[in-house]
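Owing to the predicted nature of the structure, the values given are computational and were not obtained by experimental measurement. In what follows, every chain begins at residue 1, and chains take the letters A, B, ... in the order their sequences are listed. We use all heavy atoms of the structure for the numbers below, so side chains are in, but hydrogens, waters and symmetry mates are not.
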There are 2 protein chains.
Amino acid sequence: MSIETDIKQKKFRSPFQKLALNLMYTTKWLEYKQLESFKEYDITPQQYNVLRILRGQQGNPIKVSDITERMLDKSSNTSRLVDKLLAKNLAKRSSCESDRRAVDVVITEEGLALLKVLDPFIEDWENRFNIISEEEAEQISALLDKLRENENQA
Amino acid sequence: MSIETDIKQKKFRSPFQKLALNLMYTTKWLEYKQLESFKEYDITPQQYNVLRILRGQQGNPIKVSDITERMLDKSSNTSRLVDKLLAKNLAKRSSCESDRRAVDVVITEEGLALLKVLDPFIEDWENRFNIISEEEAEQISALLDKLRENENQA
DNA sequence: ATACATTTAATGTAGAAACATCTATTAGTG
DNA sequence: CACTAATAGATGTTTCTACATTAAATGTAT
């Protein structure tokens with residue numbers, strides 16, 4: 001459905017306003033779809049994001065602050081997200097030797113197993129994007145990167 | 001900055017995964033920017049969304065359920081958002097004559113005045129999109145519409 | 001008309017986000 | 001070295017979100 005129908009707004013100030021609203025609307029929609037898939041596995045999109053980052057370390061420990069840097073949502077409280085993963089035995093935590101302020105986090109076998117179960121969902125989810133070509137996808141990614149560029153402007 | 005740098009991920013499974021992450025990351029970034037602008041006026045993006053919808057009615061009352069339909073975030077609790085606007089004298093509420101279950105909501109002069117103050121911020125915010133052409137904006141909007149199409153697929 | 005289902009909005013509640021604060025540790029400077 | 005600043009992560013608090021439930025009004029079917 002078109003964004004016009006979805007939010008019942010016939011006119012937009014400009015194609016840019018329309019795009020801004022569409023970006024927000026579509027992302028909320030995508031997140032909701034993801035939330036739905038994950039629900040039966042008792043994991044939130046944010047927790048999944050952390051797990052995915054942990055797997056990306058391929059066995060190496062990673063500090064909480066470095067997880068935050070890699071998060072999609074920088075303002076999320078990584079400490080508490082890790083707590084949740086710990087409580088479910090999806091991650092392990094140990095104090096870092098070289099810097100005793102820091103905490104090393106590693107994914108557990110159980111965490112890896114859960115990701116393996118979730119992978120097909122994510123792939124399906126990403127396959128929605130197959131309606132465009134790889135080149136188009138790259139192009140739009142480049143445009144989004146550009147949008148975030150002039151930090152000092154707004 | 002590129003999404004690779006922003007979330008410190010060098011490789012992506014596909015251009016589609018990259019686009020999916022970029023969409024989520026960019027939207028969170030946009031929302032954060034909006035939140036920052038609104039903060040000094042003591043209004044949240046969600047409350048602003050409702051106010052904008054009320055203004056769009058051009059003086060006509062609108063039911064709570066119809067506001068929800070027009071919201072970017074369908075799962076938000078419109079009842080309580082309207083409460084907040086009421087408490088700040090930005091909206092008025094009166095029971096609907098034709099259906100006594102329903103409640104009519106109207107924006108106040110004070111609400112309109114606040115929107116007038118916020119408009120320039122929103123315009124600046126939307127002007128970020130000027131780095132792409134109107135045609136490109138329409139193109140991306142069309143793609144986002146398409147993404148949401150096969151409801152039954154994922 | 002009665003009974004049951006649906007709709008509309010409000011409310012209760014658990015959990016999460018946003019933001020500030022606190023403690024421990026490390027880094028930097030005179 | 002002593003002192004201050006900076007950093008890492010945990011925690012407290014308030015607000016918001018997500019979800020379920022409730023209450024009243026309306027719609028529908030027999």
Contacts satisfying side-chain hydrogen bond (donor to acceptor under 3.5 Å, both in side chains) that involve residues 49-58 of chain A (not counting sequence neighbours) are A:Arg52-B:Gln9, A:Arg55-A:Asp119

In whole angstroms, the gap separating C1' of D:dT17 from CE of B:Met71 amounts to 12 Å

Contacts of A:Asn130 meeting side-chain hydrogen bond (donor to acceptor under 3.5 Å, both in side chains) (sequence neighbours excluded), chain-then-number -> A:Asn127

Residues passing the side-chain contact (heavy atoms from CB on, under 4.5 Å) test with A:Leu81, sequence neighbours excluded, are A:Gln46, A:Gln47, A:Val50, A:Met71, A:Ser76

Between the protein and nucleotides 22-28 of chain D, are there any N/O to N/O pairs under 3.5 Å, and if so, what are the atom names and distances?
residue, atom, partner, partner atom, Å
D:dT26, OP1, B:Arg100, N, 3.0

Atom NZ of A:Lys28 and atom C1' of D:dC16 are separated, to the nearest Å, by 12 Å

Rounded to whole Å, CD of A:Glu69 lies from P of D:dG9 at a distance of 11 Å

Give one of base, sugar-phosphate or nothing for A:Lys39, where a contact means two heavy atoms less than 4.0 Å apart.
sugar-phosphate

note: B:Leu35, atom CG; D:dT15, atom P; distance rounded to Å ~ 15 Å

Those residues at least two apart in sequence (or on a different chain) that pass salt bridge (charged side-chain N to carboxylate O under 4.0 Å, His left out) with B:Arg93 are B:Asp83

Practice item. Report yes or no: do A:Thr5 and A:Ser2 form a side-chain donor-acceptor pair below 3.5 Å? Key: yes

ask   = Within the structure, does a side-chain N or O atom of B:Lys63 lie under 4.0 Å from either OP1 or OP2 of C:dT8?
value = yes

Contact string for nucleotides 10-17 of chain C, one letter per nucleotide 5' to 3', B = base within protein heavy-atom range under 4.0 Å, S = sugar-phosphate only, - = neither, reads BBBB--SS

side-chain contact (heavy atoms from CB on, under 4.5 Å) filter on A:Glu31, not counting sequence neighbours, yields A:Thr27, B:Met24, B:Lys28

Pair up each side-chain donor or acceptor in residues 110-117 of chain B with any protein partner under 3.5 Å, not counting sequence neighbours, and list the distances.
none

Rounded to whole Å, the CD-C1' distance (A:Gln34 to D:dA18) equals 16 Å

side-chain contact (heavy atoms from CB on, under 4.5 Å) filter on A:Arg100, not counting sequence neighbours, yields none

